[in-house]
Colleague: 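The structure follows.
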Amino acid sequence: MKFDTPAGENPIDQLKVIGKPTDRIDGKFKTTGTAPYAYERHDVVAKQAYGYIVGSAIAKGRINAVDLAEAKAAPGVLAIVTADNAGKLVKGDFNTAHLLGGPDIEHYHQAVALVVAETFEQARAAAALVRVDYARAKGGRFDLATEIKTAPLKGDSSGEGSAAPAVDRVGKFEEAFAAAPVTIDANYTTPDHSHAMMEPHATIAAWYGDRLTLWTSNQMIAWGKGDVAKTLGIPKENVRLISPYVGGGFGGKLFVRADAILAALGARAAGRPVKVALQRPLIANNTTHRPATVQRIRIGADRQGKIVAIAHESGSGDLPGGGPETAVSQTRLMYAGANRLTSMRLAVLDLPEGNAMRAPGEAPGLMALEIAMDEMAEKLGMDPVAFRIANDTQVDPEHPERRYSQRQFIECLNQGATRFGWNRRNARPAQVRDGKWLVGMGMAAGFRNNLLTKSAARVGIDGKGVVTVATDMTDIGTGTYTIIAQTAAETMGVSLDKVVVLLGDSDFPASCGSGGQWGANNSTAGVYAACMKLREAVAQKLGFNSADATFADGKVRSGNRTADLKDAAGLFAEDHIEYGDLGKKYQQSTFAGHFVEAAVDSYTGETRIRRMLAVCAAGRILNPKSARSQVIGAMTMGAGAALMEELAVDTRFGFFVNHDLAGYEVPVHADIPHQEVVFLDEVDPISSPMKAKGVGELGICGVGAAIANAVYNGTGVRVRDYPITLDKHLDRLPPLI
């Protein structure tokens, strides 16, 4: 199905099932421990052996020699894989470094060996006996602050997120900024972040002759299938990936990682199925992470608060061949202003690969931009909400001929301010105390683009009138099973219990996959397309005119004739959704207003969040219950980024020191006492037949700055370097009274 014009009325608009706060249909499996995650698939293949990965002990250099004698002689050992015996491996399309290192080492904890044994304990013990003689290279580049000073300008060519060129100019920024009566020029930093998902990267691999099956934890099945085939040098049709449940990914499982490739190599070497889970201490350094940024923002405005010049320059680092963190992308679109400049620099670092993490670009970019907007509002003597409203735009500021398909940003701010009690905020910082606590309110804008991606599904009917949907779409804990079931139920006119959803198998039609907050809108649109094709087939088989046939309550009606849907048993249809040029004609984005109240202990500098509110404009909300869950999860991640999360870099030896959940702090329930989420009642007919968008990443965008602005309002101390830990403001807090 080609969707290139705004849809009128369609079966989805009945809203009998779509739009209802529906419990997850997979919830019973997850709460009873019967949802099969990758490492737990004991039943899928017999005689599974265990693999344990050895990670490099250096960040850059070479392997002189590997002594495997002790490890091979250890009890239970079946095989050991290294670069010496793995055969030729080709670097895949979606990884920057090789997934198996040797003899060259590209980053710390790069996999250099896999030990396969009868039990996990035997594999782990033998792995400790692998002796690697390294030659550490001199002159490793591990410090972004140093390397960014001479780093070249670099654009983004990944295609993920809101891609930005190396330098983009509109108007004459320098002249307008110099002439502006009110200006700010400030620098901000964000650190490296780990995905820290609950389920580690894990895979079971089995060979059936020359055919490989991987039960794995992966967000993008079609991408993964292609990369496995390319890396191993086997035909794509000989690879099957199965991933029905994913225990969190946040972008870290968009791409195949070392667990999948080494499980396949280990299974081939051992002649047995092999299961591999990346041990937690390897995940931070072996897999991908959100890279640190160094950002400079300049804003010039007239005395009435209209922005006349805005510039956002960002620098980040990655391995050779990597790409930048596109932290300037939202600044190109968020606010009006005739004179604009954005640019990015990319330093070459010998740290582990930086890549997509929940809202790549916008998440760290808004952490800086939305502090800068507050600083500018204060200079102007304007309320931060009013300043943002004054600089709203209904068109792409760089391309005014492109209007937004929907942009209810002002409504997000107005509703948020009213619900949060923003009028009770004291505009003067450090004026509100609650005992020993300094209390402040802060807000920030949320922004994330709506991306349109081809997505397919197969739908069929059985003799009981049950509709079965099959697509390789994944559910990463987001409620995908449920919204796909809702879509099929609404379109085919059956109740939710009459729908079976099969996900995460590369033998099914290729979907958009889970990433970039494009999953919900595009995957359900693909299911809708397949259902509409099936409706035509059903009408034809039952002798109805498909143009006026209605599907409801498990029956098909046309004129004065009625038939049961089950009378069309055996029919199936496969189709995909693809888009015309609506994405070029219209700018499609999602918006939020984030509001936070925070308190800072005047004795210790400890920050506590008291309450959070997000008001979101994101098209039709397919399932408010799971959508709310997505937003509060993203808000929680934003709180972590603001106050505690930081991968600490050892700039001498080139690795993340705190590479486990004991040292890398993430928020817990006690850190997030109250969260509220409001969705505006809107549809976006430009987006898809579903008239929906995404919320999974919008919820994190702007949260960090809202917290930072609340901390400033409470203390009067501005911190521009995340995370806002107590050591960064304790000595500047107001005197005790």
Side-chain angles (χ1 to χ4, degrees), residues 38-39 49-68 71 77-92 94-117 120 123-124 126-134 136 194-195 200-205 214 216-218 224 227-228 230-232 252-253 255-270 274-289 319 350-355 654-656 659-660:
Y39 198 73
Y50 292 79
Y52 196 90
I53 290 178
V54 178
S56 171
I58 65 171
K60 186 176 177 62
R62 288 179 62 84
I63 294 175
N64 289 329
V66 181
D67 184 351
L68 301 177
V77 172
L78 301 170
I80 301 178
V81 176
T82 68
D84 291 335
N85 61 13
K88 183 181 180 182
L89 299 178
V90 178
K91 189 168 70 172
F94 295 103
N95 50 287
T96 304
H98 292 82
L99 297 180
L100 177 60
D104 294 322
I105 297 299
E106 296 164 285
H107 62 84
Y108 184 76
H109 271 174
Q110 184 175 21
V112 296
L114 177 80
V115 177
V116 180
F120 170 79
R124 179 177 61 183
L129 301 176
V130 174
R131 311 300 181 197
V132 184
D133 177 20
Y134 297 100
R136 191 191 306 272
S194 175
H195 299 94
H201 297 72
T203 301
I204 297 172
L214 300 177
T216 189
S217 186
N218 187 276
D227 246 21
V228 169
K230 181 175 181 179
T231 302
L232 298 178
K253 295 175 182 174
F255 323 113
V256 166
R257 305 309 306 170
D259 61 293
I261 298 302
L262 289 181
L265 294 172
R268 187 162 63 188
V274 169
K275 63 195 312 173
V276 175
L278 276 182
Q279 52 268 43
R280 181 65 62 176
L282 251 68
I283 290 176
N285 287 287
N286 178 274
T287 69
T288 63
H289 68 282
L319 288 164
D350 299 308
L351 292 174
E353 179 183 350
N355 213 312
F655 67 97
F656 300 128
H659 48 254
D660 58 36

Colleague: Tell me if a side-chain donor or acceptor on Y52 pairs with a main-chain N or O of F120 at a distance below 3.5 Å.
Modeller: no
Colleague: Side-chain donor-acceptor pair under 3.5 Å between H98 and Q110, yes or no?
Modeller: no
Colleague: Determine yes or no for a side-chain-to-main-chain donor-acceptor pair under 3.5 angstrom, with N285 supplying the side chain and F656 the backbone.
Modeller: yes
Colleague: Is there a side-chain contact between R257 and T288 (heavy atoms, below 4.5 Å)?
Modeller: yes
Colleague: Return yes if some donor-acceptor pair links the side-chain N/O of D104 with the main-chain N/O of I63 below 3.5 Å, else return no.
Modeller: no
Colleague: Show the nearest heavy-atom pair for residues F655 and L351, with the distance to one decimal.
Modeller: N-CD2, 4.1 Å
Colleague: Using modelled atom types and a 3.5 Å cut-off, is there a donor and acceptor pairing between side-chain atoms of T216 and backbone atoms of N218?
Modeller: no
Colleague: What are the two closest non-hydrogen atoms of L114 and A263, and how far apart are they?
Modeller: CD2-N, 4.5 Å
Colleague: Name the residue from T287, T96, N95 that meets the side-chain hydrogen bond (donor to acceptor under 3.5 Å, both in side chains) definition with E353.
Modeller: T96
Colleague: Check for a donor-acceptor pair, side chain of N286 on one end and backbone N or O of H109 on the other, with a separation under 3.5 Å.
Modeller: yes
Colleague: Spell out, as yes or no, whether a donor-acceptor pair under 3.5 Å connects the side chain of H659 to the backbone of A284.
Modeller: no
Colleague: Between D67 and R131, is there a salt bridge with N-O shorter than 4.0 Å?
Modeller: no
